[in-house]
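Accompanying notes for the structure given below.
Every chain is numbered from 1 and lettered A, B, ... according to where its sequence line falls, protein lines coming before strand lines.
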Amino acid sequence: MFDRELAKASQAIIRALTEQGLPTPQRIDWSPTPFHGQWGFGTAAFFQIAAQEARRGKGGCVPERAAEIAQAVLQAIGTPEGFSRASVERGYLNLYLEPGLYAKRVVNTILAQGEDFGRGHPKDERVMVEYSQPNTHKAFHVGHLRNVILGGAMANILEFAGCDTVRANYIGDIGLHVIKWLWCYRKYHPGEQPQGDKTRWMQEIYTEAERRLEENPENEQEVRALFAAWEARDPELVQLWERTRQWSMEGFQEIYDLLGEHFDVIFYESEVEEPGKRLVEDLIARGIAIDERPDGPVLIKIDELLGLEKETYRTLVVLRSDGTSLYSTKDLPLAIRKFEEWKVDRSIYVIDVRQSLYLKQIFKVLELMGFEQARNCVHLSYEIVNLPGNVTMSSREGTVVLFDDLIREAFARAGRIVELKNPSLPDDQKQIVARAVALGALKYAMLAVDNNKVVTFDWDRALDFEGQAAPYIQYAHVRANSILRRAGSIPQDATFEHPLEASEIQLLELLARFPQEVQRAAAEYKPLQIANYVYNLARAFTDFYQHCPVLQAEGAAGAARLRLTAAARQTLASGLRLLGIEAPEVM
RNA sequence: GCCCCCGUAGCUCAAUGGAUAGAGCGCCUGACUUCGAAUCAGUAGGUUGGGGGUUCGAGUCCCUCCGGGGGCGCCA
């Protein structure tokens, strides 16, 4: 927001350095000054120059020399245009802003742009974010939830940052787990219809299948026969598969609706299986893949092809020895299809960290095939969600916290809190609030942890409604909204001529930073950046709320603070929206 | 054997190579006749796992050790 002023100041500094015969850096980096209650930007550029001199043998104490140079530069440039004060502190050159002028500019910018405040310029880049990737005929559990929430927030952020964003889902609708399910259903539940929560019902049959097969291993022959029938596309089996798959899809859709997620395209494993097998034949013909069938699988010795001594990419199996497909068989053609059919420039895979090597292999094989866009494939990895005692969630082993159970508990707890905190709210409002708070808390808990940190699932922490959690941020939004509602209308304009409180300056400084926070979150693939930012913003607003009367403010301060409140409400709502969290009007 | 990730306050987590390492939870003390107390103010809590190195400057980068988790030819 102050790029223009800082750029001019940078130019002046470089000119001053040149005039004094000092080395000039390529550019001057500015960061917000860390002092509470003062608003400005500082640069540490002179440390680098002083260090450079010291290296050339001049010796001396670097911090002292940095301060000396900074002081000389300050003498030369004076206070740059647009700033109220400049000073040298501990070797830093700090430029302070005239609070009133800039406060007005920040607030006016936000209110003029509304929900577009913070949106990046269109980047002329199309990115696809593939996330969620659930298996049909199986449970949807808390481990899957981290993926959806992370992927959804990441897509929101990339889109807001200026990318043309395509949200993709990739459904695991075939494979041994589906065959086992179909076997169990045909044998023990013929003709049954799903009851209650469809996803849970699907999971129950799946665990039953696993249990029966473990108890009676001789049944595996029947499963193998069914797999063969599937491979032969037995019409009756295919029909059953389609119908049962649909039940899973309907169940998933309920979950996505609840979470507020939508996809622009859904890929199915089943539709890339045949293209994958053809691609593997091509790889064999081109000498990239080695065909060891029938005694072994079709594989690609990547390190060998690259002439690497040290094991790096290892070997990737791309087709089973019996000719049936693997995950890799299908991922290769799909990767290409994303670029060719969807014309994307970058392809992001939101998949947990355990598949890091696998994805490195896939991307490298694409490169070996001569597919140049392979370098535009990105693995956005994240750590898994474990149960206490470091137990990994597994639908096969039934060690899962089901999404359905979690969401029920979340709604129940949030409902009790709403009843406690705001009993006079009409019932339908209570439900809306409870829902926003429950989902918000859940999402925030997932997003407020760095991607590469393991989350140990804990009911109380996943559903935390206090402290650094979504409801705190939502509450700040509600209170801002409450002030604005009482005020009736927001003044068209206001000057910030009253002496600004420290809390007002802090709030303004954070508000001004929103656009760059969005860019950084997008560039680093870190929704956490936004999660932290919006929490800090909520704290700053709460602090402002404590210290500065708005409606009872004297004179011109009232209008200014009212507009500041409106700007804060807007930015809180925008930040939450990027995280996929609702900002309620009341709670 | 090769590779990746984690280790920061009692607990859970933050922190562009930058200024005094910050929050929340929990503990204790206090604040509703106030623009909404899902809040706030205050107290206490640190050799950033250990040791080297690079740098003007390291929680952050490099090396090494310790502890924990994960991955590695026919699971997805």
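Applying the 4.0 Å criterion to OP1 and OP2 of B/rG36, one finds that A/Ser482 has a side-chain N or O inside that range. In terms of phosphate contacts, A/Lys310 brings a side-chain nitrogen or oxygen within less than 4.0 Å of OP1 or OP2 of B/rC3. Contact annotation: A/Lys360 does not reach the phosphate of B/rC4 (side-chain N/O to OP1 or OP2, under 4.0 Å). For A/Gln552 and B/rC35, the shortest distance from a side-chain N or O to OP1 or OP2 is below 4.0 Å. At the phosphate of B/rA15, neither OP1 nor OP2 sits under 4.0 Å from any side-chain N or O atom of A/Tyr535. Considering only side-chain N and O atoms, A/Asn532 lies nowhere under 4.0 angstrom from the phosphate OP1 or OP2 of B/rA14.
The distance between the ring centers of A/Phe457 and A/Trp459 falls below 6.0 angstrom. Here A/Phe541 and A/Phe544 bring their ring centres to under 6.0 angstrom of each other. Aromatic pair A/Tyr349/A/Phe363: centroids less than 6.0 angstrom apart. A/Phe46 has its ring centre no less than 6.0 Å from the ring centre of A/Tyr92.
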Before you tell me yes or no, could you show the steps for A/Asn452 and A/Val353 under side-chain contact (heavy atoms from CB on, under 4.5 Å), namely the whole-Å CA-CA distance, both residues' side-chain angles and the distance that decides it to 0.1 Å? CA-CA 8 Å; A/Asn452 49 19; A/Val353 66; over 6 Å; no
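Across the C1' atoms, B/rG45 and B/rU12 are found 15 Å apart, a figure rounded to whole Å. For the P atoms, the distance from B/rG57 to B/rA19 is 14 Å, rounded to whole Å. Of the C1' atoms belonging to B/rC3 and B/rC56, the separation is 36 Å, rounded to the nearest Å. For the P atoms, the distance from B/rC62 to B/rA21 is 24 Å, rounded to whole Å. Between B/rU48 and B/rU20, the two P atoms lie 15 Å apart (nearest whole Å). Comparing the P positions of B/rA37 and B/rG50 gives an interatomic distance of 44 Å, to the nearest angstrom. Comparing the same atom, C1', in B/rU43 and in B/rC28 gives a spacing of 7 Å after rounding to whole Å. Only the C1' atoms considered, B/rC5 is 34 Å distant from B/rA44, to the nearest whole Å.
Set against B/rC35, B/rA15, B/rA38, the side chain of A/Leu528 has B/rA15 as its closest nucleotide. Of the candidate nucleotides B/rG70, B/rA19, B/rA38, B/rG70 has the atom lying nearest to any side-chain atom of A/Asn390. If you check B/rU16, B/rU12, B/rG18 against the side chain of A/Ser31, the one that comes closest is B/rU16. The side chain of A/Val449 has B/rA14 as its nearest neighbour among B/rU20, B/rG36, B/rA14.
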Between the protein and nucleotides 54-62 of chain B, list every N/O to N/O distance that falls short of 3.5 Å.
{"residue": "B/rC56", "atom": "OP1", "partner": "A/Arg55", "partner atom": "NH1", "Å": "2.8"}

Under 3.5 Å, which protein N or O atoms sit close to an N or O of nucleotides 71-76 of chain B? Give each pair with its distance.
{"residue": "B/rC72", "atom": "O2'", "partner": "A/Arg314", "partner atom": "NE", "Å": "3.4"}
{"residue": "B/rC72", "atom": "O2'", "partner": "A/Arg314", "partner atom": "NH1", "Å": "3.2"}
{"residue": "B/rC72", "atom": "O2", "partner": "A/Arg314", "partner atom": "NH1", "Å": "3.2"}
{"residue": "B/rC72", "atom": "O2", "partner": "A/Arg314", "partner atom": "NH2", "Å": "3.2"}
{"residue": "B/rC74", "atom": "O2'", "partner": "A/Arg320", "partner atom": "NE", "Å": "3.3"}
{"residue": "B/rC74", "atom": "O2", "partner": "A/Ser321", "partner atom": "N", "Å": "2.9"}
{"residue": "B/rC74", "atom": "O2", "partner": "A/Ser321", "partner atom": "OG", "Å": "3.2"}
{"residue": "B/rC74", "atom": "N3", "partner": "A/Ser321", "partner atom": "OG", "Å": "3.2"}
{"residue": "B/rC75", "atom": "OP2", "partner": "A/Arg320", "partner atom": "NE", "Å": "3.1"}
{"residue": "B/rA76", "atom": "OP1", "partner": "A/Arg320", "partner atom": "NH2", "Å": "3.2"}
{"residue": "B/rA76", "atom": "O3'", "partner": "A/Glu269", "partner atom": "OE2", "Å": "3.4"}
{"residue": "B/rA76", "atom": "N3", "partner": "A/Gln355", "partner atom": "NE2", "Å": "3.4"}

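With a glycosidic angle more than 90° from 0, B/rG49 adopts the anti conformation.
Across all strands, A/Val437 comes closer than 4.0 Å to base atoms (heavy-atom distances). Nucleic acid contact class of A/Arg396 (heavy atoms, under 4.0 Å, all strands): none. In this structure, A/Lys526 reaches the sugar-phosphate backbone alone: every heavy-atom distance under 4.0 Å involves primed, P, OP1 or OP2 atoms, never a base. Here A/Val478 lies in heavy-atom contact (under 4.0 Å) with a base. Within the nucleic acid shown, A/Asp450 comes within 4.0 Å of sugar-phosphate atoms alone, with no base atom in reach, counting heavy atoms only. Residue A/Asp331 is out of contact with every strand shown, counting any heavy-atom pair closer than 4.0 Å. If you check every strand for non-hydrogen atoms under 4.0 Å, A/Val433 touches a base.
Counting to the nearest Å, the P atom of B/rA14 and the CZ atom of A/Arg539 are 16 Å from each other. When the P atom of B/rC13 is taken as reference, atom CG of A/Asn452 falls 12 Å away, rounded to whole Å. The nearest whole Å value for the distance from the CZ atom in A/Arg461 to the C1' atom in B/rU12 is 5 Å.
With 3.5 Å as the limit, one finds no donor-acceptor pair spanning the side chains of A/His477 and A/Asn481. With 3.5 Å as the limit, one finds a donor-acceptor pair spanning the side chains of A/Trp30 and A/Ser10. Counted by atom type alone, A/Glu210 and A/Tyr206 present one or more donor-acceptor pairs between their side chains at under 3.5 Å. Side chains of A/Glu501 and A/Ser503: no donor on one and acceptor on the other come within 3.5 Å.
The pair A/Arg416-A/Glu419 does not count as a salt bridge, with every side-chain nitrogen at least 4.0 angstrom from each carboxylate oxygen.
Both the sub-6.0 Å distance and the 45° axial angle are satisfied by A/Arg479 relative to the ring of A/Tyr545.
Heavy-atom neighbours of A/Lys301 NZ from other residues, nucleotides or ligands within 6.0 Å: at or below the threshold of 12.
Taking the 5.5 Å centre cut-off and the 30° plane limit, the aromatic side chain of A/Tyr92 is classed as stacked on B/rA19.
With respect to A/Leu299, the side chain to side chain contact (heavy atoms under 4.5 Å, CB included) criterion is satisfied by exactly one of A/Leu316, A/Val318, A/Thr315: A/Thr315.
For RNA chain B, runs of at least 3 consecutive pairs of the Watson-Crick or G-U wobble type, with both hydrogen-bonding distances under 3.5 angstrom, map to B:1-7 with B:66-72, B:10-13 with B:22-25, B:28-31 with B:39-42, B:49-53 with B:61-65.
Residue whose closest nucleotide on RNA chain B sits further toward the 5' end, between A/Val586 and A/Tyr472: A/Val586.
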